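Report on the structure given below.
Note that the structure is predicted; figures quoted are calculated from it, not measured.
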Amino acid sequence: MWPLSPLSLYILPFLLSLVSAVVLPTSPANSTCNQQCQIDKNLGPELSRHASIVHTTSAIPRWSDFDAPNPGTVVNVASEHDVLLTVKYCIAHNLRFLAQNGGNAWGTTFTIGQNDVLINLRGIRKIRFNANKTQVTFQGGAIVSEVVDAAYGNGTQVLTGNCNCIGTLGAALGGGYSRLMGLYGFGVDNILSMNLVTPSGTAIEVGPKDTDLWWALRGAGPNFGIVTSATMKSYPVPTAQNGAWLGPLIFTEDKIEALVQAINDLDLLPPMAIFLYFATLPPNNTATVIAIPFYLGNETQGKAAFASISAVGPVADETAWIPYNLINAGSDTFCAKGGRKPSYGAGFAQMDPATWRSIWNEYNTFIQNPGTQNTSVLVECYSLYKATSFGNASSSYAFRSSIKYNAVVNTWYADPALDSRAEAFGSAVRDLWRSTDNLPSNETYINYANGDEPLETVYGGNVARLQKIKREHDPRGRFNQFFPLTNGNALRTGSPSSPPSSPRTRSASVTTLNGHDLPPLSFAADAPPGLPEVLASARAAVVEAADELKLLVQGPKEALQSEGVRFPFFRDGGTECIEMLFLHVVVDYGIARSFPVGQEATFADIGGACGLGEREVRRVLRHAMTKRVFRESRKGVVEHTAASRLLAQDEAFADWANVNLGEAWPAAAQTVNAMRKWPGSQRAAQSGFSCSRGTDDTLFDYLGKHPERATKFASGMSAFSTGPGYKLDHIVDDPLWTDLGEAVVVDLGGSTGEAMIALTSKFPRLVAVVQDLPNPIARHLVPPTAIQGRIRFMAHDFFNEQPVKDADVYFFRLVLHNWSDEDCSRILRALVPALKPGARIIVNEWCLPEIHTISIMEERRLRAMDMHMLSLLNARERDSDDWADLFNHAHPKFQLKSITTPRGSNLSVIEVVWTG
């Protein structure tokens, strides 16, 4: 065995002590491993590939820092099953937990601390509509803007909250006020079914048949489980009519009494709603009175409906008809995260002018405090015609027919020294509202409540029934964070919650490889190529911990200097930019193949075999040896290591390195020059690659003129795309093909036909057409005899009009990422004349993740690939929003249906439907 250096032997135990999420089946748990470490180690490997566990909330800030939950662990789930697994783990280990989507709830009832877990739902946000657009199913991580955008793209309306950044389900489960409710009812009235993770750690579907639980969830949902997805009603509307008349009317403060009275006197018909704000406006942060009328119809109808408001005399009128997908844009300024925002709400049945004058005075006094100018007072006035038709007993939301107006004061500042003044101001305003609310008792919409209210104030007369159902479904009080129905927050068994611990980078656990029948780790030429798949998570954790340790030990200056010379795309190869030189020489001159593995050679021998001088060989290889590529067994004599053996024996991998060093490395170095020379260009001939070659050719043009490089490029790409994450099984096994039945599939850019051969072999009712440029089509694979009648090959440039009309599926695999948005739009538009209504476009490509939802090294690898596409082709990798924008830009009748990532696959399946 070739031993590690003494320094490595010293540092490795320390390094391994930093590793989190390492699970080796036969390794006993270390007694020094703390709770966070145990979560990483035991829960982490159970979660899906894109899930992650972190011990900081920096990536998911809350809307308000005031009295906010402060978990020590955040589980970023990537599937509904991840939610179930996390809840089961927390139950088994007596951990308190909280599910979060938008993170906007300001209630002060949270008790989550450093020993507790936050389940971040933002990674699960798929949205899909049924065929006739009357129902929509979306996951628990979808926020309002995403559901509204999807609804608009599908020609429908869906009842949601009025603020783009809030969680759609979180708002709905509390009752669900909306400016559309005059026509459609409350949010709870529109829910058809829910998928629920229960307090017992099971996943169930809940619907009207589940009488008590169904009733309780719709109004007090967070007390009974985590809704991971729900199906709601959707209302088709022609796109030309899918919008509303709304906008701000600005009034001087002397109009307050007349304006409040006019609002109080309005008969809010089903298409109507109106909001009243006290807020400050730039540039002088002047306190201003703002009314925002809303009419789900055209401008003429809206102005007529709110004529009495206009008659009060606004000094400015910025109302206009606005498309449905933009109706919430006016509230986007309220979505800013962070800051201290203790808030107080109240419901009432009448608007009293004198009360609002008093509130105006209180408001103006408070905003004289420095840094409080973002504070606002708001009342929302809705039509209740449809909502009251469902009946008070239809759900557990208690104030369906009594609250006519919902009001809230949102204080907003940064200095904790202002907390007491803010709380006094907010409480005083709430008392003023209550003094003239014309209600028999205090009533507050739960999503606007502060947290200091009695249960009856938020649950009304339903408290007793809700607590009975709570005892039946959650006797241990596990769901007890948001206005809990238990008598006080349930305590976990075992040790009490400890005070917040000091910040740390990651948890610690020490593991060994003993008992896994593995040869010792070594750089020797006969070392195994890598750890077995069962240890993949352990390997990833060690690599990431080592990377993090290096950056920590270096400090920021040295780390940035090191990063400044790294080549971004070949990072996984373990090399750095100036160190690329040795590898370029090794692969370009074929040094690794100049003498057999298992034998030795002198520097002179190698130089003679490769056409290099002895001195150059010695300089290059002694540098290579510092990266464990080759070894000088004794002075002047070279032998292979595991890394050089790979370059000698794996021709495709050597070609992959050669392509990166010969084409990608120079392109990366010239990308900034290209960006300066052609600002904003998306043309492939104006890329870093073009600059590096001093040509107007694209990469593909260049390869066409240099067949020897094209051969290496093809070989290198095969090494890159034949790993487990790129297996065709992932796309072939996707359920979408089973649903097709008898169908025609056109594979654009299908190369030699490998994907379609696999697909037609599995599905005997599919017929496939493989299209590509003449050269790859001429080299196509010969299909097995059994499918030769169902697959044909056609030379076609996908920038030209598609010749195969009315196919059922048009398929792209690893094609569109090679092209800019402009070029992709051309490719997609070339399909349009051939498309029949309902035709699908299936794209099998990378889909970049949301930030902070996967490990930082995995995210770095994917982001580096995006930079790689930029430098070589002015192309890009895309995230889910980019894919949606791309298809919408190509043609509005392209409807993005879903994006899924099969387990174990590096590539996502992006399904688009042509609605023309």
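In terms of heavy atoms, Glu845 sits closest to Val843 at CG-CG1, 3.1 Å. In terms of heavy-atom proximity, Cys847 sits nearest to Ser880 at SG-N, 3.5 Å. Listed here is the closest heavy atom pair of Leu85 and Glu46: CD1-O, 3.3 Å. Heavy-atom minimum distance, His868 versus Ala664: CE1-CB, 3.4 Å. The heavy-atom pair separating Ala667 from Ser871 by the smallest distance is CB-O, 3.7 Å. When all heavy atoms of Asp772 and Gly749 are compared, the pair lying nearest together is OD2-C, 3.2 Å.
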Point to revise | Worked verdict on Met194 versus Glu205 for side-chain contact (heavy atoms from CB on, under 4.5 Å) | key: CA-CA 6 Å; Met194 292 176 266; Glu205 181 178 350; over 6 Å; no
Review point. What's the verdict on side-chain contact (heavy atoms from CB on, under 4.5 Å) for Ile910 and Ile842, showing C-alpha distance, side-chain angles and the deciding distance?
Key: CA-CA 6 Å; Ile910 301 156; Ile842 304 297; over 6 Å; no
Exercise for review: Show your working on side-chain contact (heavy atoms from CB on, under 4.5 Å) between Leu873 and Phe700 and close with a plain yes or no.
Suggested key: CA-CA 9 Å; Leu873 291 158; Phe700 296 129; 3.8 Å; yes
Exercise for review: Test side-chain contact (heavy atoms from CB on, under 4.5 Å) on Val912 and Arg840 and set out the steps.
Suggested key: CA-CA 6 Å; Val912 177; Arg840 302 189 202 184; over 6 Å; no
Exercise for review: Could you please spell out the steps behind the side-chain hydrogen bond (donor to acceptor under 3.5 Å, both in side chains) verdict for Gln686 and Asn874?
Suggested key: CA-CA 7 Å; Gln686 296 179 342; Asn874 252 339; 5.7 Å; no
Exercise for review: Apply side-chain hydrogen bond (donor to acceptor under 3.5 Å, both in side chains) to the pair Asn76 and Ser52, showing each step before the final yes or no.
Suggested key: CA-CA 5 Å; Asn76 298 304; Ser52 64; 3.1 Å; yes
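Ring orientation note: the planes of His780 and Phe793 are close to parallel, at an angle under 30° on the 30°/60° scale. The aromatic rings of Phe887 and Phe894 sit perpendicular, their planes meeting at an angle over 60°, well past the 30° parallel limit.
For the residue pair Ser234 and Thr134, no side-chain donor N or O sits within less than 3.5 Å of a side-chain acceptor on the partner. Between the side chains of Asn101 and Arg125, no donor-acceptor pair is found at a separation under 3.5 Å. Side chains of Asp82 and Ser48: a donor on one and an acceptor on the other come within 3.5 Å. In the model, Asn242 has no side-chain atom that pairs as donor or acceptor with a side-chain atom of Thr239 under 3.5 Å. Counted by atom type alone, Gln139 and Ser229 present zero donor-acceptor pairs between their side chains at under 3.5 Å.
The local environment of CZ in Arg49 is crowded, with over 12 non-hydrogen atoms from other residues, nucleotides or ligands closer than 6.0 Å. Counting heavy atoms of neighbouring residues, nucleotides and ligands inside a 6.0 Å radius, atom CG of Asp696 does not exceed 12 of them. Atom NZ of Lys133 is surrounded by more than 12 heavy atoms from other residues, nucleotides or ligands within 6.0 Å.
With rounding to the nearest 0.5 angstrom, the CH2 atom of Trp819 is 14.0 Å from the CG atom of Leu886. Separating the OG1 atom in Thr760 from the CZ atom in Arg765 is a distance of 15.0 Å, to the nearest 0.5 Å. For the atom pair CG of Leu84 and CG of Asn195, the computed distance is 11.0 Å after rounding to the nearest 0.5 Å. Within the model, atoms CG of Leu896 and CD1 of Ile899 stand 4.5 Å from one another, a figure rounded to the nearest 0.5 Å. With values rounded to the nearest 0.5 angstrom, Ile124 atom CD1 is found 5.5 Å from Glu80 atom CD. Here the CG atom belonging to Leu699 is positioned 10.5 Å from the CZ atom belonging to Arg709, to the nearest 0.5 angstrom.
Within the 4.5 Å cutoff, no side-chain heavy atoms of Pro849 are placed close to those of Asp879. A 4.5 Å side-chain heavy-atom check between Val770 and Ile791 finds at least one atom pair inside the cut-off. Side-chain contact between Gln802 and Tyr810 is present, with heavy atoms from C-beta onward closer than 4.5 Å. With contacts defined as side-chain heavy-atom distances shorter than 4.5 Å, the pair Ser751/Arg813 does not qualify. No side-chain heavy atom of Phe689 sits under 4.5 Å from any side-chain heavy atom of Thr698. Contact annotation: the side chain of Tyr726 approaches that of Leu907 to within less than 4.5 Å [non-hydrogen atoms, C-beta and beyond]. In this structure, Thr900 and Asp734 have side chains that are in contact, with non-hydrogen atoms separated by less than 4.5 Å. Inter-residue side-chain proximity for Ile731 and Asp733 is flagged as unmet; no heavy-atom pair is nearer than 4.5 Å.
Checked by atom type and distance alone, the side chain of Gln788 pairs as donor or acceptor with a backbone atom of Pro783 at under 3.5 Å. One N or O on the side chain of Asn154 and one on the backbone of Ala150 form a donor-acceptor pair closer than 3.5 Å. With Asp808 contributing its side chain and Val744 its backbone, the two residues share a donor-acceptor pair below 3.5 Å. Between the side chain of His706 and the backbone N or O of Glu708 there is no donor-acceptor pair closer than 3.5 Å. Not one N or O on the side chain of Gln157 forms a donor-acceptor pair closer than 3.5 Å with the backbone of Pro236. One N or O on the side chain of Arg122 and one on the backbone of Gly141 form a donor-acceptor pair closer than 3.5 Å. Formation of a donor-acceptor pair under 3.5 Å by the Glu911 side chain with backbone atoms of Ser898 is not found in this model. Arg792 contributes no side-chain N or O that, together with a main-chain N or O of Val767, makes up a donor-acceptor pair within less than 3.5 Å. Remark: the backbone N or O of Leu872 is paired with a side-chain donor or acceptor of Ser687 at under 3.5 angstrom. Side chain of Gln682 to backbone of Asp821: a donor-acceptor contact under 3.5 angstrom is found.
Cation-pi geometry between Arg693 and Tyr702 is satisfied (NZ or CZ under 6.0 Å from the ring centre, within 45° of the ring normal).
For the side-chain hydrogen bond (donor to acceptor under 3.5 Å, both in side chains) test with Arg876, the passing option among Asp882, Asp866, Asn818 is Asp882; the others fail.
By the 4.0 Å N-to-carboxylate-O rule, Arg863 lies close enough to Glu859 to be salt-bridged with it.
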